[in-house]
Amino acid sequence: MAALGAGTIVGTAGCSSTGGSDGGGSGGNGTADEMPSVAGETLTLTTTTSTYDTGLLDEIHTDFEEMYGVTVDAVAQGTGAALETARNGDSDIVMVHARGLEDEFMRNGYGVNRRDLMFNDFVIVGPADDPAGIEGMGSATEALTTIAEAQAPFVSRGDNSGTHTKELNLWDAAGTDPGGDWYQETGTGMGEALNVANQQGAYTLSDRGTFISQRSEIDLTILVQGPIEGGPEILANPYGVMAVNPGVHENANYDLAMAYIGWITSPGVQNAISDYQVNGEQLFFPEAVSEDPDFQQYVPEGWSSDDADA
Amino acid sequence: MPLEPVAQLAPALLDAGAGPATSLLGASFREGYVGSIVAVSLYVSLTAVALSTLVSVPAAVAIGLTDFPGKGFVKSVVNTGMGFPSVVVGLVVLFAVSNQGPLGSLELIFTREAMIMSQFVLATPPITAISLAAVSGVDDGVRDAARVLGGTRVDVALVVIKEARYGIATAVLAGFGRAISEVGSVLIVGGNITSADGISKTRTLTTAIQLEARQGRYETAMVLGAVLVALVLTVNAVVVRFGDRGVTG
Amino acid sequence: MLRATNVSRSYGDEPVFRDLTIDVDAGEVVAVIGPSGVGKTTLLRTLALSLEPDEGTVTLDGTDPWAADEAERLALRRRVGMVFQEASLFDGTVARNVEYGLRVRRSWSERLASLVRLNGAADAVRESLDVVGLADKTDQPADSLSGGEAQRVSFARALAYEPDVLLLDEPSSDLDPRNTAVIEDAVGEASDRGIGVVVATHDMHQAERVADRVAVLLDDGITEVGPTEEIFEDPADERTRKFISGELVY
């Protein structure tokens, strides 16, 4: 309810003149013929390469651009870089899937109005003959430990991306420290990492989306499922979106960022997200619209108003 | 910028050629995509090289024709600049044009203009160094004659530039080659952006190749690479044809 | 007209010449003879108002360019021309070379308006090339000429803008007798037109042929200046006599 309400308010706020750059503009809510005062502006959105490479954003952004008469510049960087760019005020809005880093971003005051956006999951893939014997395991940590003990080749992205961060968290949770010839860090994007793993018959952790896009070109299969197909919750991959705090960066395009957040968390667009398919499969599962309240999406995980330093 | 109208017309024209070519090679792109990234590559690199030439050639002439203390040091610096990593230049320009940087108010981050800036920095050392070598190779007697027949320093410089024109052309081509085939700086300051319908804003051939490669689409990346090579060959051929001799300097 | 008084020049610590006095008048031909390396070229460059003397003064019609402002110095420098031992022609046609001196003396708008061939210069160009017998090569590329022809064009190039003084540094040292004769005739033509000519040469016979006066430059300065016949037949200074007779071995 709260989510829907907020979306509606922001939606209308975007339509009325908010006294942005052109002070004298249209007074109240624009009629169908008047363009909103944000028309002609550009929203700079930084996001991760894996999000961008799914093609989802190119698919849905046209709708937003036409609605407001604006341009969205989607910059695919890599989780760390996307957040750093936003921190510097070089982007207006950031969309990543690394909750810990998003929380830090909010805590340090750079981001406001975080919303849960959508989720997909990670899968552990590997060669069909499964030398370490992890197929069908219900525990991701157990699978990784098995791989480590078998010293089966494993490819890691090693680039501080969201996927890499998740992988490191898994090793941590498994209590295993990966290292040795069998563990290779490529420092590349997900697609390349899958290629490397394919060539070497190695295991790797991948987001489902990239794997689906490449499935036809490589010989790896999913050996440990993610929560979408009944696998362990720990492999969930939730996406969040945050506006850059105009209190920190005066020239952040806050109006447009909020309009975007309102738009992308609206039922219509959430449906479009769930309808988006690659190679005949759904990639993303919408999370923004829900009957039940979800206060945790707005604050760092575990935050409570009882905390002394609010 | 005066080249903007060209940059707007060019994509359609370029796509008319490049589109079918790339699909012949097995890679299919959205309509207008290839043309638009070629247009951005050319706009950014040609502008950067043109601006750099305006600065580098006079600098090379001034350095070459004058004796001053520290001349050897200046030459070393210029030559070192030739090998400067493009990604580092990108970072430096990023610091400058970022919201937090000294030029932040100009809002140049993620624009083609910022890319022109970084490629200007990259192209200047090769254009200067090779022009300097060409200028230094001009016979002293020619310089003397130009001066003693009543030429001012500018007159002598013009004579020298004319004598060294093939070497200078080589220098400009070298600068262009450096600019159009680099990926590190334009990726960092440009952001590799296209519009939702696939028309490039700051995506060049090189950053498009990088994008295909990171997604593991190596064949497609190679096709774009072939387009890039063809482009560089064409530019070289045009310049060489323009001068009646080869690049003998 | 052009007078150097007590001039000295050094390269760094090495003195080239000291305390020389020499002059040339309109229509005169003065030869400077002496062994190679004695400083003839440096002297000529000083007379060409290109090199500032370390000591002493050089004046053209009484004006010292080095005491004048830049504009005046340029104007004075432009009344003098010099031809070196090597032709050093510019890239382009013969005409383009010969008109260079005229071109640089025009305004920028005129120069930009006539990028290929300078307006109104055709007569001067043809005329200068006539003096050296190469008018038929006007439109040929400079690099298609033989060595002798190139040097003749170099002469025409210096003549074209009608300088008051012409300085020639070993102008025919590399040339065969025929081309040498052409150059020497051209020297005569120049002096007939009232141009003051200074020729530096190690060829004493050439000096005898072309010069009105001869200056003998030896290691310790100009030993003697005088009318040609006197110098060669009855030199006043013993060193001059020794040099001319070949007794001074360097």
Side-chain angles (χ1 to χ4, degrees), chain B residues 53-54 57-58 60-62 64-72 130-172 239-249, chain C residues 41 44-51 70-71 73-92 96-106 108 111-112 115 128 141-143 150-151 153-169 174:
Chain B
T53 302
L54 286 176
V57 171
V61 172
L65 297 188
T66 333
D67 270 319
F68 55 90
K71 180 167 174 170
I130 298 174
S131 294
L132 180 56
V135 162
S136 304
V138 171
D139 187 36
D140 279 350
V142 166
R143 281 206 259 152
D144 276 344
R147 180 113 184 116
V148 94
L149 291 168
T152 58
R153 290 208 188 285
V154 173
D155 294 320
V156 174
L158 288 174
V159 167
V160 167
I161 289 176
K162 191 170 174 209
E163 298 285 313
R165 65 188 181 282
Y166 295 112
I168 292 177
T170 307
V172 174
V239 174
V240 168
R241 196 78 161 69
F242 207 59
D244 33 62
R245 281 179 255 159
V247 287
T248 48
Chain C
T41 303
L44 253 54
R45 283 182 191 262
T46 310
L47 291 173
L49 310 182
S50 291
L51 278 183
E70 245 190 273
R73 182 155 59 240
L74 179 64
L76 287 168
R77 188 160 69 78
R78 281 181 165 173
R79 289 168 55 190
V80 178
M82 188 159 170
V83 177
F84 297 97
Q85 187 170 352
E86 303 245 353
S88 296
L89 296 185
F90 308 138
D91 225 24
R96 186 83 189 188
N97 269 272
V98 176
E99 71 181 30
Y100 174 78
L102 293 161
R103 177 177 285 273
V104 300
R105 287 160 173 78
R106 298 272 184 94
W108 278 105
R111 291 168 73 167
L112 284 170
L115 282 175
S128 312
D143 55 15
Q151 185 64 334
V153 169
S154 179
F155 192 100
R157 189 167 64 170
L159 201 57
Y161 56 88
E162 297 177 347
D164 293 329
V165 180
L166 200 52
L167 303 154
L168 310 170
D169 191 6
D174 296 341

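Chain letters run A, B, ... following the sequence lines, proteins first, then strands; residues in each count from 1. What you see is a predicted model; the values in this text were computed from it and never measured. Side chains are part of it too, since the values below use all heavy atoms of this structure and drop only hydrogens, waters and symmetry mates.
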K.L.:
Are any non-hydrogen side-chain atoms of B/Thr152 and C/Val104 less than 4.5 angstrom apart?
P.N.:
no
K.L.:
Using non-hydrogen atoms only, which part of C/Ala48 is less than 4.5 Å away from chain B: side chain, backbone, both, or neither?
P.N.:
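The answer is the side chain of C/Ala48.
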K.L.:
Between C/Arg79 and chain B, with a heavy-atom cut-off of 4.5 Å, which part of the residue counts as in contact: side chain, backbone, both or neither?
P.N.:
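When you check distances to chain B, no heavy atom of C/Arg79 falls under 4.5 Å.
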K.L.:
Tell me, side chain or backbone of C/Val80 under 4.5 Å from chain B's heavy atoms, or both, or neither?
P.N.:
backbone
K.L.:
Would you say C/Val153 and C/Leu89 make side-chain contact, with heavy atoms under 4.5 Å?
P.N.:
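In contact.
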K.L.:
Can you say whether B/Val154 sits under 4.5 Å from chain C via the side chain, the backbone, both, or neither, judging by heavy atoms?
P.N.:
side chain
K.L.:
Report yes or no: does C/Arg157 contribute a side-chain atom to a donor-acceptor pair with the main-chain N or O of B/Leu149 at less than 3.5 Å?
P.N.:
no
K.L.:
Do side-chain atoms of B/Ser136 reach the backbone of B/Leu132 as a donor and acceptor pair under 3.5 angstrom?
P.N.:
yes
K.L.:
So, B/Glu163 side chain and B/Val135 main chain: donor-acceptor pair closer than 3.5 Å or not?
P.N.:
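No, because the side chain of B/Glu163 does not come within donor-acceptor range (under 3.5 Å) of the backbone of B/Val135.
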K.L.:
Does the pair B/Asp155/C/Arg77 count as a salt bridge with the N-to-O cut at 4.0 Å?
P.N.:
no
K.L.:
Contact part of C/Tyr100 toward chain B, heavy-atom cut-off under 4.5 Å: side chain, backbone, both or neither?
P.N.:
side chain
K.L.:
Non-hydrogen atoms of chain C under 4.5 Å away: do they reach the side chain of B/Asp140, the backbone, both or neither?
P.N.:
neither
K.L.:
Between B/Asp144 and B/Gly141, is there a donor-acceptor pair closer than 3.5 Å when you use the side chain of the first and the backbone of the second?
P.N.:
no
K.L.:
Do B/Lys162 and B/Arg165 have side chains that approach each other closer than 4.5 Å (heavy atoms only, starting at C-beta)?
P.N.:
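Yes. Closest side-chain heavy atoms under 4.5 Å.
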K.L.:
Measure distances from B/Val148 to the heavy atoms of chain C and classify the residue's part below 4.5 Å as side chain, backbone, both or neither.
P.N.:
both
K.L.:
Counting only non-hydrogen atoms closer than 4.5 Å, does C/Arg96 touch chain B with its backbone (N, CA, C, O), its side chain (CB onward), both, or neither?
P.N.:
side chain
K.L.:
Go through the atoms of B/Arg147 and report whether side chain, backbone, both or neither lie under 4.5 Å from a heavy atom of chain C.
P.N.:
both
K.L.:
Name the option with the most non-hydrogen atom pairs under 4.5 Å to chain B; the candidates are C/Arg45, C/Gln85, C/Glu86.
P.N.:
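Most heavy-atom pairs within the cutoff with chain B belong to C/Arg45.
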K.L.:
Is it the side chain or the backbone of C/Leu49 that comes within 4.5 Å of chain B heavy atoms, both, or neither?
P.N.:
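Nothing of C/Leu49, per the 4.5 Å heavy-atom cut-off to chain B.
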K.L.:
What part of B/Asp139 is in contact with chain C, defined as an atom under 4.5 angstrom from a non-hydrogen atom: side chain, backbone, both or neither?
P.N.:
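Contact with chain C is through the side chain of B/Asp139 alone.
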